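Below: the structure, in structure tokens.
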Amino acid sequence: MRPGLFTLLLFLPTALLAQEPASRGHNPGGMVESLIFGLELTLLGMAIVFVGLLAVYLFMIVLRRTIVRQQTVHAAGATPRTTPPELTAEVVHAIALALYMDLRTFAEDDSDEITIHKITRPFSPWMDSSKTALIARNQMFGKRQ
Amino acid sequence: MRPGLFTLLLFLPTALLAQEPASRGHNPGGMVESLIFGLELTLLGMAIVFVGLLAVYLFMIVLRRTIVRQQTVHAAGATPRTTPPELTAEVVHAIALALYMDLRTFAEDDSDEITIHKITRPFSPWMDSSKTALIARNQMFGKRQ
Amino acid sequence: MRPGLFTLLLFLPTALLAQEPASRGHNPGGMVESLIFGLELTLLGMAIVFVGLLAVYLFMIVLRRTIVRQQTVHAAGATPRTTPPELTAEVVHAIALALYMDLRTFAEDDSDEITIHKITRPFSPWMDSSKTALIARNQMFGKRQ
Amino acid sequence: MWEFLLEFLRMSAFGNLEVGNLIMIAIGLLFIYLAITKDYEPLLLIPIGFGMLVGNIPFAEGMGIGFREPNTVLSILYDGVNRGWFPPLIFLGIGAMTDFSALLSNPKLLFLGAAAQAGIFITLLGALALNFTAPEAGAIGIIGGADGPTAIFLASKLAPHLLGAIAVSAYSYMALVPVIQPPIMRLLTTKDERLIRMKPPRAVSKKEKVLFPILGFLATCFLVPGALNLLGMLFFGNLLKESGVTERLAVTARTSLIDIVTIILGFSVGVSTEARSFLTKESVLIFALGALAFSIATASGVLFAKMMNLFLKGDNRINPLIGAAGVSAVPDSARVVHVVGQEYDKSNFLLMHAMGPNVAGVIGSAIAAGVLWSVLRSMQ
Amino acid sequence: MWEFLLEFLRMSAFGNLEVGNLIMIAIGLLFIYLAITKDYEPLLLIPIGFGMLVGNIPFAEGMGIGFREPNTVLSILYDGVNRGWFPPLIFLGIGAMTDFSALLSNPKLLFLGAAAQAGIFITLLGALALNFTAPEAGAIGIIGGADGPTAIFLASKLAPHLLGAIAVSAYSYMALVPVIQPPIMRLLTTKDERLIRMKPPRAVSKKEKVLFPILGFLATCFLVPGALNLLGMLFFGNLLKESGVTERLAVTARTSLIDIVTIILGFSVGVSTEARSFLTKESVLIFALGALAFSIATASGVLFAKMMNLFLKGDNRINPLIGAAGVSAVPDSARVVHVVGQEYDKSNFLLMHAMGPNVAGVIGSAIAAGVLWSVLRSMQ
Amino acid sequence: MWEFLLEFLRMSAFGNLEVGNLIMIAIGLLFIYLAITKDYEPLLLIPIGFGMLVGNIPFAEGMGIGFREPNTVLSILYDGVNRGWFPPLIFLGIGAMTDFSALLSNPKLLFLGAAAQAGIFITLLGALALNFTAPEAGAIGIIGGADGPTAIFLASKLAPHLLGAIAVSAYSYMALVPVIQPPIMRLLTTKDERLIRMKPPRAVSKKEKVLFPILGFLATCFLVPGALNLLGMLFFGNLLKESGVTERLAVTARTSLIDIVTIILGFSVGVSTEARSFLTKESVLIFALGALAFSIATASGVLFAKMMNLFLKGDNRINPLIGAAGVSAVPDSARVVHVVGQEYDKSNFLLMHAMGPNVAGVIGSAIAAGVLWSVLRSMQ
Ligand code: NA
Ligand code: NA
Ligand code: NA
């Protein structure tokens with residue numbers, strides 16, 4: 001993270017954007033030129049990724065300090081809340097259990113049960129219950145034996 | 001709600017629609033003309049809002065009477081269902097409780113608990129459990145110490 | 001399902017597609033020609049429906065046999081799993097209950113209860129609770145009697 | 001005051017009112033009434049019925065409201081019907097809620113679902129005889145498939161101007177299945193046949209259920225690529241359900257997704273029944289042909305079951321009543337079969353057996369729709 | 001290293017930064033802050049607030065990001081606002097969660113919801129006086145309807161260039177209802193009036209609840225077809241809720257469907273407040289007119305209730321405080337009424353009575369929007 | 001009968017069959033098999049796998065079925081992939097289900113997520129060396145981001161003709177993370193390093209969690225506006241989750257909404273792998289480069305962690321295994337880290353620490369995608 005490298009990087013985007021892009025994309029001219037462009041892009045890209053996350057990092061640090069200071073002000077006199085809680089044995093056991101449940105394998109249980117109970121309640125958007133009940137109750141279609 | 005006013009309103013829309021609308025919208029001519037148009041629109045609009053809701057009102061009254069009559073026919077002899085139930089003390093208390101719960105303030109509880117239990121079960125569409133279990137069980141990547 | 005009929009059907013689509021379609025659709029020529037086309041299409045269509053479901057049928061038979069063979073291999077020595085379970089009396093009763101519940105009629109229960117409890121918790125995307133609590137608590141609008 | 005009210009009403013939208021609008025509004029109210037009091041297909045009749053009210057409010061042309069004007073809200077909602085992408089999404093949800101076990105345990109029931117498609121093609125012949133063009137006749141015939149999304153899909157492709165009448169006809173007769181089918185079933189069967197007890201279904205393993213949507217898809221769509229949109233989605237949804245590892249996707253497909261599409265599809269279909277284009281001689285003919293289609297489909301299923309019994313023995317025999325379930329109309333026709341069967345023997349549970357031809361009928365009519373689309377689309 | 005960082009920042013998107021963007025970002029942060037700490041309309045202020053952040057990141061034109069460029073992701077998400085099909089879907093969900101019992105048990109409260117719409121039209125007059133064109137004035141006036149989706153719908157039709165300002169103004173004042181309304185309510189009522197106890201609501205039967213959305217739809221939309229998109233969906237959603245046979249559709253409409261639309265609608269509205277087009281003299285005027293609109297609407301409701309009391313006797317009298325709930329802003333203004341009422345009598349529960357004018361206000365402003373659309377759309 | 005069948009098959013869609021289609025169908029079946037039996041990314045491999053079956057049914061051109069023809073159902077479903085608006089909606093849902101606490105409790109882990117993006121750029125160099133154009137190389141490089149929606153989004157913008165190959169490659173290697181990463185992790189670390197115990201995470205307050213999405217959004221998108229679509233939605237979703245007042249929106253975003261989009265996105269990506277355009281030399285190269293990308297990304301993360309340890313002391317030291325989680329592939333790579341760590345010390349729970357670089361990797365690759373988009377979009 002020496003300034004020298006980063007200062008260099010600052011000039012890369014300008015240099016890149018100053019060139020005629022079409023001449024690179026579709027008529028790469030030569031493999032060498034194309035790879036040089038790729039290297040420039042790599043350096044630029046990695047720099048921006050790092051700077052972007054650095055910005056997030058700095059915000060997070062500032063954020064934490066601000067909140068810690070607020071809490072200290074609020075909790076002056078009370079037990080300090082800034083020390084991180086230790087992992088007790090129970091916590092470790094809880095984690096172990098959670099992990100065990102989380103990582104348990106997918107059990108292929110090839111059921112032997114008949115599936116009739118599923119068939120008897122086919123839930124569907126076309127479902128319709130009282131219609132058939134109606135038939136049963138009202139006997140609307142004569143000809144009963 | 002005297003008929004005179006409403007009769008007047010009846011002619012406003014015709015008058016409005018008879019005029020060339022384009023001449024008003026973009027070339028307002030003058031502020032006065034524009035405001036007169038606005039007043040006409042206000043009277044028309046409020047009249048229609050009231051008439052629309054009056055229509056709903058009339059439907060509701062008819063609807064209630066029809067249903068009450070049906071119920072009276074059905075429930076002839078039984079206890080009449082048309083008298084509105086009184087608010088008993090219990091009901092008032094229930095409402096008070098409901099309101100209390102409804103209006104309770106938004107409590108900012110700044111938790112001190114560690115959040116490990118959340119991290120251990122990150123539910124995600126990219127979730128995948130037996131894969132890692134596979135590694136642990138099968139030791140597919142030799143080199144065990 | 002005699003091959004003769006099906007062999008005939010095989011030539012129908014070719015014959016159909018060889019003709020100029022436009023001359024049939026919009027200028028049907030005559031009713032007779034149109035109905036002959038309809039009959040050809042009926043034979044072709046029903047044949048394809050049957051062949052399509054026959055293909056599914058064959059796949060299902062093959063599938064079942066493969067799985068049964070696998071299971072037999074796996075379960076060699078154990079109790080054979082290929083005989084279908086019989087419907088016991090309990091199962092029949094369970095079905096009857098399920099059917100009864102499924103076919104129960106739609107009960108119109110015209111409630112007499114007051115609907116206040118619904119009104120007191122109108123859940124809406126525009127819901128907002130602490131605001132009014134704020135008014136009650138802070139008395140921000142002076143003029144209290 | 002009543003005078004004033006009447007005069008005001010004359011000036012407003014009441015001015016554009018035609019008798020046709022009132023008739024359609026009455027039909028819409030009837031649909032809503034039947035859905036609520038008789039529980040007839042409420043999930044579709046209520047959206048369609050209310051859509052009919054909305055579509056027959058007699059607003060003036062060019063107000064930017066109608067579903068045929070560009071960029072109106074109603075036209076945007078109608079897009080999924082118009083371009084046919086709602087029905088496949090509904091099939092996705094249906095696939096995610098359908099259990100094919102009944103079919104897997106007794107695969108020969110598939111052919112009952114095939115036979116019932118005769119209703120489609122004979123209706124097509126009837127429509128041709130009534131001077132409809134070939135694509136129109138195809139779209140009308142599909143009413144005999146007794147499957148709403150399939151009918152809407154094919155009509156949107158072959159005869160968009162008849163879509164409203166075809167869809168309303170299809171859903172009306174699907175709602176009337178308990179009225180239409182029993183007399184035909186009784187007419188074509190003997191009492192002995194109605195008393196046939198079928199052997200209990202065999203156990204179906206999880207593997208079979210997982211492999212079925214894959215093999216079913218390949219078998220049908222290799223033969224009839226025109227059925228790809230509907231059957232692809234049906235079997236895709238079913239794989240989501242049966243795979244055991246995509247439960248959350250299957251749940252969403254059979255709840256939020258299908259519900260959202262059903263609401264908008266039903267509403268849009270209702271809106272599209274604007275009186276001026278709906279109350280025509282063609283619509284009346286389509287309704288008549290639709291009744292024919294359902295009757296023939298039912299009869300074909302029953303008769304084919306009787307024919308199969310000529311080759312089957314003992315407890316392999318089929319109770320021919322379940323042939324009527326081959327028309328689809330899932331799961332209503334299966335329930336009708338069950339109820340009619342119980343009239344003759346209280347301890348004969350046909351529902352589980354009838355689900356086989358029932359779901360086979362969905363596949364069968366999607367195949368038929370694929371054939372019709374492939375052959376007729378170039379003739380429009 | 002700080003030097004480097006500053007130089008880097010100058011070259012990046014920071015280069016396009018204008019003061020306006022920073023102001024809008026500050027406003028977005030304020031919205032989020034108010035939503036979280038004061039619980040002001042969080043379901044809308046958080047999406048809008050975050051959308052403001054997104055829309056005011058100062059990216060260069062032509063990068064394929066902005067919501068005004070074709071085929072960008074933001075433009076695709078904005079389509080439902082731009083073409084106005086999100087608000088009807090939100091009304092569908094609102095219908096599916098609204099209980100009209102309060103109104104049914106005391107129908108005369110409907111007129112309070114009508115009276116409060118005076119705010120719309122008087123604001124329209126104000127906007128005309130400030131030299132807005134007639135369609136713009138109509139779109140600005142609708143802020144007085146105190147109903148977000150209605151405001152967005154009408155603005156997208158009549159004055160799309162002002163949509164951001166109108167929507168943000170409408171939602172801001174809806175959030176500020178507890179601040180704006182109480183002083184006006186106290187000013188216009190006597191202590192005796194505030195103590196009026198209304199008789200308990202009568203029982204409402206299921207049939208009334210089922211028939212209300214159907215009759216309400218026909219009554220309003222026959223008169224004002226221009227309100228069809230909003231009221232059709234509102235009553236359709238309510239029928240899904242009350243029919244008793246389409247519960248699963250109603251549940252989806254009031255959960256997944258309305259949530260998905262609310263997320264994207266709020267976000268898109270926020271995005272559309274890009275500083276260069278938002279921070280204008282017009283926006284300032286719109287905010288001023290919005291405050292006027294809410295105040296007049298509140299006053300109209302209260303005064304109309306007092307006027308109605310001239311004709312009513314005994315326990316039929318109306319507590320004029322509930323007139324303020326006629327502005328809509330469901331259910332905030334009803335709660336404000338309740339809380340203000342309780343300041344004077346702890347055992348006076350006005351909430352249930354205030355819900356009547358509250359939902360009537362939604363219908364009233366949708367009718368007003370229909371009138372404005374019908375009259376003004378040809379003048380654009 | 002078999003003769004007849006074979007003849008029939010020859011005439012049907014089997015006539016258009018090419019060997020390529022069969023190969024792709026086999027690959028689709030393999031995807032489904034791996035998803036079901038190995039539980040490899042089933043929520044994506046099953047839709048993609050079934051989509052491959054659908055897309056490789058050899059229907060004739062011009063039948064109105066294919067996803068490249070206008071107005072077909074498949075083209076309509078593909079629109080969200082084609083115009084790139086599905087990935088941001090998926091990021092919205094991911095944001096609403098992601099807990100950034102691990103990162104907040106130890107912010108320096110962010111840089112592991114940055115380092116792993118080296119895989120993207122070195123793969124880009126490799127693609128350029130293999131004569132891909134610059135935009136193609138950028139789209140191929142993003143496979144190294146190990147993030148499906150990011151890869152689909154960038155490929156749809158920079159190299160739509162390679163989208164199928166890039167998406168399938170990305171998801172394949174994400175599914176193979178447990179096979180690819182452990183050997184590299186073991187090769188680059190000493191046993192002592194693998195035994196490093198990190199100190200337990202500190203408590204993270206609610207305020208930090210609420211402010212993180214806002215600050216994270218501003219920090220990254222001011223620098224890289226090109227990442228706005230993905231990061232904007234990611235942080236928006238996270239704010240919905242953490243704000244505490246928009247729970248119902250967060251629930252919908254992380255259930256129905258993401259599920260609906262996942263179903264259609266996966267299916268469409270599968271459909272787009274039609275053999276004739278997929279089985280090319282380019283696809284083979286893309287798969288080879290994808291393997292390179294994942295390996296380099298893993299190595300970069302591990303090595304950067306070792307480098308950071310040069311500057312850290314005591315219990316601030318980082319177990320370099322968790323560097324491998326910087327590739328994203330949430331949460332698989334974090335689990336792989338945990339399992340490998342436990343091989344050496346059963347009581348060392350690395351999962352919680354690995355989640356930090358894991359989610360940082362998502363942000364990192366979205367930033368990288370933004371850079372690539374900004375620079376390369378004008379070169380197409
Ligand atoms: Na069928
Ligand atoms: Na209102
Ligand atoms: Na990544």
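Labels below follow one simple rule: chain letters A, B, ... track the order of the sequence lines, proteins then strands, and each chain is numbered from 1. No experiment lies behind these values; they were computed from the predicted model shown.
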Exercise. Do the ring planes of F:Phe236 and E:Phe50 sit parallel (below 30°), tilted (30 to 60°) or perpendicular (above 60°)?
Worked result: parallel
Seminar exercise, completed: Between the CD1 atom in E:Ile263 and the CG atom in F:Leu92, the distance rounded to the nearest 0.5 Å is 5.5 Å
Exercise. Among F:Leu249, F:Thr246, F:Val210, which has the most heavy-atom pairs under 4.5 Å with chain E?
Worked result: F:Leu249
Exercise. Of the backbone (N, CA, C, O) and the side chain (C-beta and beyond), which part of F:Leu231 lies under 4.5 Å from a heavy atom of chain E, both, or neither?
Worked result: neither
Problem set entry | Closest heavy-atom pair and its distance - F:Arg248, E:Arg254 | NH2-O, 2.7 Å
For this session: Please round to the nearest 0.5 Å and tell me the distance separating atom CG of E:Asp39 and atom OG of F:Ser243.
Result: 9.5 Å
Exercise. Under 4.5 Å between any side-chain heavy atoms of F:Phe222 and E:Ile25, yes or no?
Worked result: yes
Problem set entry | Between E:Thr252, E:Thr255, E:Ile76, E:Ile260, the one whose heavy-atom pairs under 4.5 Å with chain F are most numerous | E:Ile76
For this session: Taking all non-hydrogen atoms of both residues into account, name the closest pair between E:Val73 and F:Gly84 and its distance.
Result: CG2-O, 3.4 Å
For this session: Kindly indicate whether the side chain of F:Trp373, heavy atoms from C-beta on, has any atom under 4.5 Å from the side chain of E:Ile65.
Result: yes
For this session: Show your reasoning for whether side chain to side chain contact (heavy atoms under 4.5 Å, CB included) applies to F:Glu247 and E:Leu43.
Result: CA-CA 9 Å; F:Glu247 186 58 20; E:Leu43 297 175; over 6 Å; no
Seminar exercise, completed: d(E:Ile36 CD1, F:Glu242 CD) to nearest 0.5 Å is 10.0 Å
Exercise. Do F:Phe235 and E:Leu53 come within less than 4.5 Å of each other through their side chains, counting heavy atoms only?
Worked result: no
Problem set entry | Nearest heavy-atom neighbours spanning F:Pro225 and E:Ile57 | CB-CG2, 4.3 Å
Exercise. Could you state the interatomic distance from CG (F:Leu257) to CG (E:Asp259), rounded to the nearest 0.5 Å?
Worked result: 10.0 Å
